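Side-chain atoms are counted along with the backbone in the values below, which use heavy atoms only and exclude waters and symmetry mates. If you read the sequence from its start, that first residue is 1, and numbering goes on from there. In this text the structure is predicted, and so the values were computed from the model without any measurement.
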Amino acid sequence: MKETKPSWLYLLLLILSGEAIFILPFVLPRVFRPTVLDVLEVDNVELGLCFSVYGLVAMVSYILGGPLADKYQPRKLIAIALWMTALGGFLFAQYPDLWMLQILYGWWGFTTIFLFWAPMIKATRIWGGSDSQGKAFGFLDGGRGLTGALFSLLGVVVFSFFLSESLDMASLDSRKEAFTYVLYLSSLIIILVGILVWFFMKTDKRGEKVTLERISWNEIKQVLQLPSVWLLMVIILCGYVGYKITDIISQYAEEVMLYNQVDSAKVGTLLQFLRPATGILVGLIADKLKITWLLFMSFVLTLIGGVLFASGVIAPTTTLLFFMSVVVIAAGVYAIRALYFGVMQVGKIPMTLTGTAVGLISLIGYTPDVFAGPAYGMLLDAHPGEELGHQHVFWMLSAFAFVGGLAAWVYQRKYGR
């Protein structure tokens with residue numbers, strides 16, 4: 001009997017919710033990083049510590065939330081997670097003190113992971129079926145990237161519109177007021193996406209067949225005995241370090257390329273548009289080629305881009321080389337993200353245990369949420385405003401890309417038949 005997939009509307013709502021939930025904690029601070037540091041009155045290390053609190057809470061949430069996704073349908077879990085995340089946006093708009101900001105990031109670590117992460121991955125596997133995993137995860141990450149890019153673009157437009165004076169002359173109060181509008185609008189849109197998911201992301205009979213009544217230690221042991229699970233922990237950890245470091249490219253544009261804050265935000269927005277282009281392209285070709293080989297080659301691209309930035313050859317006079325390097329590193333990092341959960345099928349991870357497997361893999365794979373922010377914050381603050389600090393960050397990226405490439409090579413040799 002021919003396999004029937006859930007509808008394209010199902011995937012579309014999965015894509016919308018998959019990025020909307022991360023707009024407040026990650027996308028806006030990435031695109032508006034210089035502004036966020038100013039209006040919150042924090043430095044790179046302090047903002048990095050907020051991301052670490054997020055990561056610590058997220059690590060517990062991965063483990064507890066993973067089995068939850070194997071027991072319940074994703075629609076309600078995802079909608080509730082969106083609404084809880086949006087509530088945090090209204091607190092963010094009050095520009096809290098550092099300790100309250102850390103509590104807020106801890107809250108987001110819970111809301112974006114416990115009820116959300118594993119259900120999203122499992123729902124995507126269900127949509128992809130046995131023959132379209134590359135398309136499912138490529139379209140998911142590409143679509144999430146497009147959603148993030150549109151949010152970023154909307155944010156830049158709203159921010160520019162509400163600035164009462166030109167950016168070069170704008171006071172801190174003026175920038176704070178403009179950014180507040182960005183935060184409120186984002187929160188309201190996230191609430192709306194939650195409403196759409198609740199009413200329209202309908203599950204089908206096949207989705208109901210891949211839930212378990214209960215998760216026992218036997219299921220967890222079964223997952224931990226799979227070599228693919230351990231390899232994916234390393235692959236995702238290394239790929240995610242690369243993704244986290246793209247957060248500073250808009251800051252690189254300001255401090256090394258000497259762009260103003262609006263132009264540096266535009267570089268951040270360009271990155272957001274490279275992500276959907278990469279994800280959709282990967283989604284179209286991954287099922288026709290070896291998905292494991294594509295994953296390995298994505299690490300090679302990331303390594304090349306990392307070394308280009310780390311070498312110090314990029315300067316204000318080499319604008320073309322800067323943009324070429326941004327494209328290379330973005331293509332590598334975003335292709336890795338689009339592919340790493342897509343190889344679960346060839347790695348023989350059972351569909352019914354997807355949530356549990358995702359929880360265990362993510363516990364290790366997403367530890368960069370804990371250490372990456374403070375690590376590159378310290379490297380940057382040791383040489384504030386200088387190219388040397390940025391070079392050290394990109395050497396760090398290159399090292400992780402090399403290790404991830406090795407793990408992807410082993411995965412390709414073991415499962416890429």
Side-chain angles (χ1 to χ4, degrees), residues 26-27 29-34 37 44-45 47-48 51 145 148-149 152 235 237-261 263-275 277-278 296-338 368 371-406 408:
F26 293 115
V27 175
R30 181 182 307 134
V31 175
F32 291 97
R33 190 176 179 96
L37 292 174
N44 287 300
V45 173
L47 186 59
F51 292 137
S152 302
I235 288 167
L237 187 151
C238 294
Y240 198 55
V241 167
Y243 180 71
K244 296 295 285 184
I245 289 175
T246 61
D247 286 2
I248 69 153
I249 287 180
S250 63
Q251 191 174 346
Y252 186 99
E254 185 183 20
E255 293 180 355
V256 180
M257 302 302 290
L258 308 178
Y259 292 1
N260 66 31
Q261 287 195 357
D263 286 339
S264 66
K266 285 176 183 172
V267 172
T269 305
L270 166 69
L271 276 173
Q272 295 290 322
F273 279 103
L274 287 170
R275 183 175 161 200
T278 304
F296 168 69
M297 291 308 297
S298 302
F299 274 106
V300 173
L301 263 186
T302 304
L303 179 59
I304 292 168
V307 170
L308 275 170
F309 273 102
S311 65
V313 298
I314 299 169
T317 53
T318 58
T319 302
L320 181 61
L321 182 61
F322 169 64
F323 281 103
M324 283 172 59
S325 301
V326 168
V327 170
V328 168
I329 209 165
V333 166
Y334 296 143
I336 293 166
R337 275 180 62 89
F371 71 80
Y376 64 66
M378 283 187 283
L379 291 171
L380 290 172
D381 287 343
H383 303 277
E386 296 177 26
E387 187 178 0
L388 189 61
H390 289 275
Q391 284 177 253
H392 289 163
V393 172
F394 284 104
W395 279 124
M396 173 180 158
L397 163 67
S398 302
F400 276 96
F402 180 76
V403 174
L406 285 178

Chemist: Are side-chain heavy atoms of Val27 and Ser152 found at a separation under 4.5 Å?
Modeler: yes
Chemist: Might you point out which heavy atoms bring Ile235 and Gly404 nearest each other, and give the distance in Å?
Modeler: CG1-O, 4.3 Å
Chemist: Do Lys266 and Asp263 make a side-chain contact, defined as non-hydrogen atoms from C-beta onward lying under 4.5 Å apart?
Modeler: yes
Chemist: Report yes if some heavy atom in the side chain of Ile245 is under 4.5 Å from a heavy atom in the side chain of Ile329; otherwise report no.
Modeler: no
Chemist: How are the rings of Phe371 and Phe400 set to each other: parallel, tilted or perpendicular (split at 30° and 60°)?
Modeler: parallel
Chemist: Quick check: closest heavy atoms across Ile336 and Gly239, and the distance to 0.1 Å?
Modeler: CG2-CA, 3.9 Å
Chemist: According to the interplanar angle, ranging from 0 to 90°, do the rings of Tyr252 and Phe322 count as parallel (below 30°), tilted (30 to 60°) or perpendicular (above 60°)?
Modeler: parallel
Chemist: Measure across Phe299 and Ala408 and return the closest heavy-atom pair with its distance rounded to 0.1 Å.
Modeler: CD1-CB, 3.9 Å
Chemist: Are side-chain heavy atoms of Met257 and Phe323 found at a separation under 4.5 Å?
Modeler: no
Chemist: How many angstroms lie between SG in Cys238 and CZ in Phe402, if you round to the nearest 0.5 Å?
Modeler: 11.0 Å
Chemist: Only one of Ile249, Ile314, Val256 forms a side chain to side chain contact (heavy atoms under 4.5 Å, CB included) with His390, so which one is it?
Modeler: Val256
Chemist: Mind listing the closest non-hydrogen atom pair of Ser264 and Pro34 along with its distance?
Modeler: OG-CG, 4.3 Å
Chemist: Working to the nearest 0.5 Å, report the span between CG of Leu406 and CZ of Phe296.
Modeler: 8.0 Å
Chemist: Could you walk me through whether His392 and Tyr376 pass the side-chain contact (heavy atoms from CB on, under 4.5 Å) check?
Modeler: CA-CA 8 Å; His392 289 163; Tyr376 64 66; over 6 Å; no
Chemist: Any side-chain heavy atom of Val313 sitting closer than 4.5 Å to one from Thr318?
Modeler: no
Chemist: Within the structure provided, determine whether Gln391 and His383 are in side-chain contact (heavy-atom separation under 4.5 Å).
Modeler: no
Chemist: Heavy-atom distance under 4.5 Å between the side chains of Gln251 and Leu380, does that happen here?
Modeler: yes
Chemist: Report yes if the side chains of Asn44 and Arg33 come closer than 4.5 Å at any heavy-atom pair, otherwise no.
Modeler: yes
Chemist: Could you tell me whether Phe273 atom CZ has more than 12 heavy atoms of other residues or ligands within 6.0 Å of it?
Modeler: yes
Chemist: What are the two closest heavy atoms between Thr278 and Ala335, and how far apart are they?
Modeler: CG2-N, 3.5 Å
Chemist: Could you tell me whether a side-chain N or O of Thr302 sits under 3.5 Å from a main-chain N or O of Val333, the two making a donor and an acceptor?
Modeler: yes
Chemist: Does the plane of the ring in Phe26 sit parallel, tilted or perpendicular to the ring in Phe51? Use 30° and 60° as the thresholds.
Modeler: parallel
Chemist: What do the steps show when you test Leu397 against Phe309 for side-chain contact (heavy atoms from CB on, under 4.5 Å), and what is the final call?
Modeler: CA-CA 10 Å; Leu397 163 67; Phe309 273 102; over 6 Å; no
Chemist: List the atom of Ala372, the atom of Met396, and the distance in Å for their closest heavy-atom pair.
Modeler: CA-CE, 4.4 Å
